[in-house]
Amino acid sequence: MLADASSPIPPALDQLREQPEPSPEEIPGLLERLAEVPDPRHPRGVRHTLAVVLALTACAVLTEATSLLAVGEWIADAPAHVLERLGVRPDPLMPRRLVPAESTVRRLLTRIDGDALDQAVGRWLADRRPKAAGVADLRGVSVDGKSLRGTAKANGRRIHLWTVK
């Protein structure tokens, strides 16, 4: 099946839209959960918190950045209101914010504990799940996907196959 026809993402987003929006006091935010991931760097010389770098990377990926170079470019060009909302420090000398370089993001992503990141994001998603009376189990959907070799179009799109279990 082609990705556009079989992707489980649109039904999942529709399901999330039907849920009432929780108030900010009810659940920890993504930045708070990302702050739980241990920082592998030595504290001396750290300019950007791990949570900020991970949040910027997530934003870049959500805007379809598909490589670390694209992530770095998105971060460099990120809108000021996004940087402010994510807690990126302002530059003390210039009227802009200090963003991490692509090389910083690359080095940091290779050193973080992937299991800790997975647990933090999983807890954030579980926090967003509406509390139903009497329902204690979590349901999951297993998804596997592959990009077919030799199917790239002129515009860079590829044919993807999805399997939902």
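These numbers come from the heavy atoms of this one structure, side chains and all, not from hydrogens, waters or symmetry mates.
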* To do: Report yes if the side chains of Leu56 and Leu83 come closer than 4.5 Å at any heavy-atom pair, otherwise no.
  => yes
* Report yes if some heavy atom in the side chain of Pro40 is under 4.5 Å from a heavy atom in the side chain of Asp113; otherwise report no. => no
Please name the pair of heavy atoms, one in [X] and one in [Y], separated by the smallest distance, quoted to 0.1 Å.
X	Y	value
Ala35	Ala51	N-CB, 3.8 Å
Ala76	Val99	CA-CG2, 4.3 Å
Leu86	Cys59	CD1-SG, 3.9 Å
Ala55	Leu34	N-CD1, 3.8 Å

Notebook entry, point to check: In terms of hydrophobic clustering (I, L, V, M, F, W, Y; side-chain heavy atoms under 4.5 Å; direct or indirect links), are Leu69 and Leu54 co-clustered?
Noted result: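 No, Leu69 does not connect to Leu54 through the hydrophobic network.
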Path from Leu125 to Leu117 over hydrophobic side-chain contacts below 4.5 Å
yes
* Any sub-3.5 Å donor-acceptor pair from Arg33's side-chain atoms to Ala120's backbone N or O? ->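 A pair under 3.5 Å: no.
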query = Counting N and O atoms only, with roles assigned by atom type, does the side chain of Arg41 sit under 3.5 Å from a partner on the main chain of Val46, one being a donor and the other an acceptor?
reply =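 Looks like no, no N/O pair under 3.5 Å.
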Exercise. Does the side-chain contact (heavy atoms from CB on, under 4.5 Å) test come out yes or no for Glu36 and Gln119, once each step is laid out?
Worked result: CA-CA 9 Å; Glu36 297 172 1; Gln119 289 174 356; over 6 Å; no
Query raised in the report: To the nearest 0.5 Å, how far apart are CD in Glu73 and CG in Leu68?
Result: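 Reported to 0.5 Å precision, the distance equals 11.5 Å.
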List, one per line, each side-chain donor-acceptor pair under 3.5 Å for residues 100-109, sequence neighbours excluded.
unit_1: Glu102; atom_1: OE2; unit_2: Arg106; atom_2: NE; d: 2.8
unit_1: Glu102; atom_1: OE2; unit_2: Arg106; atom_2: NH2; d: 2.4

Which pairs with one or both residues in residues 48-71 pass side-chain hydrogen bond (donor to acceptor under 3.5 Å, both in side chains), sequence neighbours excluded?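 Counting only pairs at least two positions apart or across chains, the side-chain hydrogen bond (donor to acceptor under 3.5 Å, both in side chains) contacts touching residues 48-71 are Thr63-Trp74.
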